[in-house]
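Take a look at the structure below.
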Amino acid sequence: MSRQRLVVIGNGMAGARTVEEILDRGGDFAITMFGDEPYGNYNRIMLSNLLAGVEDEAGIFLNDLAWYADNDITLHAGARVERIDRRSRTVIAADGTVTPYDKLIIATGSSAWVPPISNISGPENGFREGVFAFRTLDDTRGMIRYARDHERAVVIGGGLLGLEAARGLQNHLGDVTLVHALGHLMNMQLDERAGTMLKDSVEGRLGIRVLVDAMTTEILGEDRVEGVRLADGTVLECGLVVLAAGIQPNAGIARDCGLPVDRGIVVDDRMLVSGEDDIYAVGECAEHRGELYGLVAPLWEQAKVLADHITGRDPRAAYTGSKVSTKLKVAGVDVASMGLSAPESDDDEVIVYTDPKRGVHKQLIVRDGVLVGATLVGDNSRAAELIRVFDRGEALPEDRSALIFNIGASTGETPVAELPDDTQVCNCNGVTKADICAVVHDGCKTVSGVMEKTRAGKGCGTCKPLVQRIVEWAAGGEAEEDPAASWYVPGVPMPKAELMAAIRKYGLRSVSSVFDKLVPGGEHDAKSKMGLASLLKMMWADQYVDERDARFINDRVHGNIQKDGTFSVIPQIKGGVTTPAELKRIAEVAEKYQVPMVKLTGGQRIGLLGIPKEQLPAIWADLDMPSGYAYAKSFRTVKTCVGSEFCRFGLGDSTGLGVAVEERYQGLETPGKLKLAVTGCPRNCAEAYCKDVGVVAIGAGKWEIYVGGAAGAHIRKGDLLATAESAEEVLRLTGRFLQYYRENANWLERTYAWVPRVGIEKIRAVVVDDAEGIAEALDAAMEASVQAYQDPWKERAEPATPGQFRTSLPLTALPRVPVRS
Amino acid sequence: MTAPTQTASTDDTTRKAPAMTIAPIERTVLGPVDEIPFGEGRTYAVGDRMIAVFRLRDGALRAVSAVCPHKGGPLADGQIDNEIVLCPLHQNAFDLATGCSRSGLPSLDSYRVWAEDGQVVLGG
Ligand code: SRM
Ligand SMILES: Cc1cc2nc3c(=O)[nH]c(=O)nc-3n(C[C@H](O)[C@H](O)[C@H](O)COP(=O)(O)OP(=O)(O)OC[C@H]3O[C@@H](n4cnc5c(N)ncnc54)[C@H](O)[C@@H]3O)c2cc1C
Ligand code: SF4
Ligand code: FES
């Protein structure tokens with residue numbers, strides 16, 4: 001018997017996933033797929049990220065065209081099926097083809113629901129120009145293109161999609177208003193209070209204007225969209241309208257050929273269209289037990305059942321409906337919801353916690369001791385746990401507050417070992433802990449490999465950290481890194497140690513020579529230049545061949561670029577200790593150049609902000625102070641406290657030592673920024689415990705040296721490296737530690753990541769006990785770097801390159817930084 | 001596993017993403033080529049347009065609009081290779097030859113530019 005012919009209408013997330021599941025089960029069909037969109041299958045969820053500019057088009061594809069070819073699937077991309085002829089068992093498509101089927105799967109998804117708004121349609125089918133739905137890649141591209149030439153947008157609809165559209169559009173134009181017909185945002189998932197909190201966050205934090213109880217009645221404008229009119233007569237001016245008021249299943253072709261359609265195409269528990277033996281429907285177009293689903297998780301379950309059934313793998317497989325829970329970042333705000341959004345009877349127990357100041361709202365609904373609904377806004381740290389409890393109907397702890405707060409556990413993370421095997425890790429793709437472990441045990445030990453195989457983390461992406469933890473746990477500490485993840489920079493295929501060896505072997509002293517010699521094909525890579533420049537400077541000190549184009553703009557002009565293209569000038573003030581004369585000079589400069597803002601920085605010095613590039617050399621000359629390096633991946637500051645010189649409790653001269661440390665190591669280029677502190681006693685007024693290197697006086701001339709501390713994006717107390725007997729020893733060990741870090745850390749890897757990665761024991765063995773016999777070499781390399789220091793702000797009489805300080809700006813086009821008076 | 005272009009038929013490619021758009025501009029001599037160091041860019045005002053001209057390390061010139069469509073970053077301050085410029089503010093990449101964004105932003109205008117007798121010549 002020849003192979004059965006399987007035809008799939010709809011090449012979206014459900015259609016393509018179902019075919020994958022069928023192939024996984026060894027299903028032997030001659031497969032033909034029709035897709036209205038002219039592409040392979042992409043991740044529709046990611047359109048939000050694409051619009052927001054955080055993902056590019058290449059990154060959202062799930063099955064590229066090669067996948068269809070590889071699996072022997074005939075794909076008609078860009079060909080809409082117009083009719084199903086059940087009598088002749090064929091589908092007729094817009095490209096003129098008539099394709100016979102033995103089995104048919106309808107996976108046509110949904111499209112935007114269009115509320116009655118006058119003047120919304122265009123001359124042909126579809127919307128008029130300037131009005132967009134938010135469903136497809138083409139919609140998204142269209143919006144991005146259109147937003148370029150317009151300043152104001154109105155988004156109609158305050159659900160998930162509308163919020164995502166509004167957030168994304170903000171990236172492209174200045175003024176976005178969201179108009180919602182009902183009383184509060186996300187009314188399908190949230191109760192009124194939660195919806196109101198969400199509105200406050202979206203307005204306050206994102207600056208999106210939100211109008212509720214606002215019914216749009218008309219699109220204004222003749223040739224171009226000029227605005228929208230609301231039912232109360234209000235007119236909102238805009239050049240772009242996005243319609244996201246709801247979705248409606250694409251069930252037209254099913255209805256036309258006489259298949260049962262209510263709101264969607266009616267299917268039974270095997271995903272067969274009701275009463276049919278050979279026609280299935282799956283995804284958003286299907287209506288199962290009266291339910292329509294608008295999220296991806298349910299369709300993964302449907303696809304599995306359909307595949308089990310159609311391939312005969314498990315004829316009794318049954319889909320019984322999905323318990324829908326969502327855990328999302330909506331427009332930048334964490335939202336999770338599951339089950340009921342409001343109590344249904346007086347017996348339902350409702351637990352509510354609201355903190356309007358932080359924009360946090362949590363509500364649980366409990367019935368007979370079981371969680372039947374939960375809503376979280378502003379804080380999703382408990383969401384995974386709650387979803388698990390909800391999905392399984394687990395018994396709840398007597399003290400319900402434990403469900404809402406992270407009592408006891410400081411991180412709110414359950415250790416991987418304690419997560420039950422069937423815990424759903426990736427809600428978007430329906431991947432459990434057990435699925436991930438199975439792949440790891442089969443030998444795939446890279447996070448990216450596991451993501452590829454299981455698809456975990458390939459939906460909205462919020463579960464990636466958990467996926468990584470599980471892979472590491474399952475591999476028993478043997479998780480392998482992606483080869484590319486281990487490269488020092490993306491454009492040169494080598495890890496740091498190998499790269500350094502090759503650079504030495506060939507004597508490569510410039511960034512361009514590294515590309516020419518070490519990259520197959522000699523391709524240069526803009527994203528790799530800065531990291532290479534830093535490495536070469538560290539390796540060759542004064543013999544480094546400094547190609548200025550390898551530098552990031554900050555390093556070309558020795559200032560930090562700011563949002564309006566101006567620069568900041570932060571002179572060195574060693575240890576935070578200054579003098580009246582210095583303060584006067586700074587004040588005079590600030591007056592003379594009408595510096596927009598003078599600020600005490602978090603690094604114990606003084607910042608002059610908002611300086612045009614052209615003025616930099618003159619300002620440096622007038623200041624006559626060295627650069628503070630507040631712009632480079634380099635040694636930055638040493639904060640100090642007043643110490644034994646003045647303080648009643650001081651146990652050591654922390655200012656003196658801090659100044660000496662900064663004097664010696666100023667300006668060193670390093671893989672990540674270095675911020676140090678020396679503090680006069682364990683009261684820690686200089687915050688030494690949370691610095692890259694922090695030195696604490698403990699009396700009797702001794703100092704503790706902590707390394708790998710942080711209190712920036714990441715908070716970590718440093719690890720004690722050694723207790724030094726003298727200030728000289730502090731200087732020496734600091735230098736050796738810094739050199740070891742410079743030679744071994746990855747590009748942009750701060751000490752707070754590098755120290756725990758390598759381990760403090762190992763570092764102590766090398767740096768303090770010289771276990772590898774390299775201490776002398778480290779000290780010598782550091783000495784060479786120290787000697788090569790030059791104050792970059794001396795580079796001011798003559799520009800180093802033509803037009804080094806020439807403006808790159810039409811300043812008016814940028815958001816100007818406000819001038820303070 | 002993902003290929004950058006996913007378009008099924010060539011007809012569609014040309015309709016959806018024009019291969020290269022060169023913005024028309026009158027022939028203008030901008031100044032000596034040596035004003036632009038190798039591997040860097042400089043901004044020039046041409047009429048009311050601001051144009052960033054880059055000199056690749058192999059000597060070729062490229063010209064695109066000077067202002068990043070994301071948040072107005074000064075592209076001439078960006079780092080380049082032979083293909084792209086990275087905006088200095090948020091590191092979005094743009095193709096130097098076509099002006100196309102590599103991250104879903106609107107494209108830059110790109111201009112014809114070449115060196116003639118040591119001068120940078122634009123448009124024409
Ligand atoms: C000016 C200053 C804020 C202030 O007004 O006080 C500042 C300003 C910036 N910080 Fe900072 N940081 C400043 C002290 C700090 C501190 C406090 C300190 O030094 O003790 C920290 C926490 C300590 C730390 O880093 O461990 C700090 C942690 C960060 C971080 C987070 C780094 C991390 O990995 O945790 C960033 C982002 C980054 O590096 O990617 C950052 C990035 C920035 C940048 C460079 C953002 C940028 O790339 O444009 C800001 C430049 C503004 C500008 O226009 O020049 N800044 N920043 C402070 C300058 C200190 C100085 O005199 O050099
Ligand atoms: C911007 C956006 C963000 C989203 N975010 C999330 C999220 O964070 N989490 C979540 O769970 N869900 C999210 N969703 C919903 C999710 O994308 C959908 O649930 C999912 O794509 C539905 O899959 P489907 O295959 O049923 O429909 P689709 O993916 O829409 O696929 C249907 C395909 O069939 C094609 N088609 C229709 N009719 C025909 C025809 N007659 N002939 C040929 N082809 C046809 C369509 O062109 C389409 O390509 C989001 C959706 C959007 C639009
Ligand atoms: S915390 Fe630092 S990086 Fe953030 S806005 Fe302030 S100065 Fe900029
Ligand atoms: S302004 Fe250019 S990337 Fe943000």
Side-chain angles (χ1 to χ4, degrees), chain A residues 38-40 42 50-51 53-62 64-67 75-78 138 140-141 144-145 147-148 171-172 452 491 512 515 523-527 529-530 547-554 556 561 563-565 613 801-804 806-810 813-815, chain B residues 1-9 11-13 15-17 32 34-43 45 48-50 52 54-58 66-86 88-93 101-107:
Chain A
Y39 314 102
Y42 58 87
L50 185 65
L51 184 63
V54 297
E55 185 68 63
D56 58 18
E57 285 189 7
I60 73 169
F61 277 90
L62 294 169
D64 58 15
L65 296 174
W67 178 83
L75 172 64
H76 295 255
D138 286 354
T140 314
R141 284 181 179 169
I144 293 173
R145 205 174 318 128
R148 205 188 307 169
N171 197 41
H172 303 282
E452 204 63 50
S512 63
F515 289 127
E523 205 71 47
H524 289 214
D525 174 37
K527 293 186 173 132
K529 286 178 158 188
M530 192 184 178
E547 294 165 342
R548 288 288 168 137
D549 66 293
R551 300 183 178 203
F552 180 55
I553 186 65
N554 284 9
R556 290 185 196 164
I561 192 164
K563 61 184 283 191
D564 64 352
K613 206 202 265 171
T801 56
Q804 183 185 10
R806 198 168 105 185
T807 185
S808 288
L809 292 177
L814 288 160
Chain B
M1 63 155 222
T2 51
T5 32
Q6 296 287 335
T7 321
S9 68
D11 282 6
D12 269 304
T13 330
R15 190 162 48 82
K16 302 236 157 52
D34 292 342
E35 261 180 22
I36 313 175
F38 286 109
E40 295 192 31
R42 294 289 180 257
T43 307
D48 52 7
R49 285 189 244 205
M50 299 298 294
F54 295 89
R55 191 177 181 198
L56 309 189
R57 287 194 67 88
D58 65 12
V67 183
C68 178
H70 178 222
K71 301 230 162 134
L75 290 168
D77 281 347
Q79 285 190 289
I80 63 167
D81 52 32
N82 292 331
E83 308 281 321
I84 57 157
V85 55
L86 293 173
L89 291 194
H90 313 98
Q91 271 66 47
N92 280 301
S101 161
R102 296 262 175 113
S103 53
L105 289 173
S107 317

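Chain identifiers are assigned alphabetically (A, B, ...) following the order of the sequence lines, protein sequences preceding nucleic acid strands; residue numbering begins at 1 within each chain. Please read all numbers here as calculations on a predicted model, not as lab measurements.
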Q. Between A:Tyr42, A:Phe552, A:Trp67, A:Phe515, which has the largest tally of heavy atom pairs under 4.5 Å with chain B?
A. A:Phe552
Q: I would like to know whether A:His524 and B:Leu56 meet side-chain contact (heavy atoms from CB on, under 4.5 Å); could you show each step before the answer?
A: CA-CA 11 Å; A:His524 289 214; B:Leu56 309 189; over 6 Å; no
Q) Top residue by heavy-atom pair count (under 4.5 Å) with chain B, among A:Asn554, A:Leu50, A:Asp525? A) A:Asp525
Q. Considering only heavy atoms, which portion of B:His70 lies under 4.5 Å from any heavy atom of chain A: side chain, backbone, both, or neither?
A. both
Q: Just do the side-chain contact (heavy atoms from CB on, under 4.5 Å) check on B:Lys71 and A:Lys563 with the steps written out, would you?
A: CA-CA 8 Å; B:Lys71 301 230 162 134; A:Lys563 61 184 283 191; over 6 Å; no
Q | Segment of A:Lys527 engaging chain B (4.5 angstrom heavy-atom cut-off) | A | both
Q | Proximity breakdown for A:Arg548 and chain B, heavy-atom pairs closer than 4.5 Å | A | both
Q.
If you apply the rule side-chain contact (heavy atoms from CB on, under 4.5 Å), what do you find for B:Leu89 with A:Ile561, and how did you get there?
A. CA-CA 7 Å; B:Leu89 291 194; A:Ile561 192 164; 3.9 Å; yes
Q: Run through B:Leu75, B:Thr43, B:Val67 and flag the one making a side-chain contact (heavy atoms from CB on, under 4.5 Å) with A:Ser808.
A: B:Thr43
Q | All salt bridge (Lys or Arg N to Asp or Glu O under 4.0 Å) counterparts of B:Glu83, not counting sequence neighbours | A | none
Q. When rounded to the nearest 0.5 angstrom, what distance separates CG in B:Leu86 from NZ in A:Lys529?
A. 9.0 Å
Q | Non-hydrogen atoms of A:Thr801 and B:Glu40 that approach each other most closely | A | CG2-OE2, 4.1 Å
Q.
Nearest 0.5 angstrom please: B:Gln79 CD to A:Asp549 CG, how far?
A. 8.0 Å
Q. Checking heavy atoms, do the side chain of A:Ala550, its backbone, both or neither come under 4.5 Å from chain B?
A. backbone
Q. Based on non-hydrogen pairs under 4.5 Å, which of B:Pro37, B:Ala76, B:Gly39, B:Pro106 is most in contact with chain A?
A. B:Pro106
Q. Closest approach of B:Asp81 and A:Ala526, non-hydrogen atoms and distance?
A. OD2-N, 2.7 Å
Q) What residue, out of A:Gln804, A:Arg551, A:Met530, has the most heavy-atom pairs lying under 4.5 Å from chain B? A) A:Arg551
Q. Under the 3.5 angstrom rule, does the side chain of A:Arg806 hit a backbone N or O of B:Arg42 as a donor-acceptor pair?
A. no
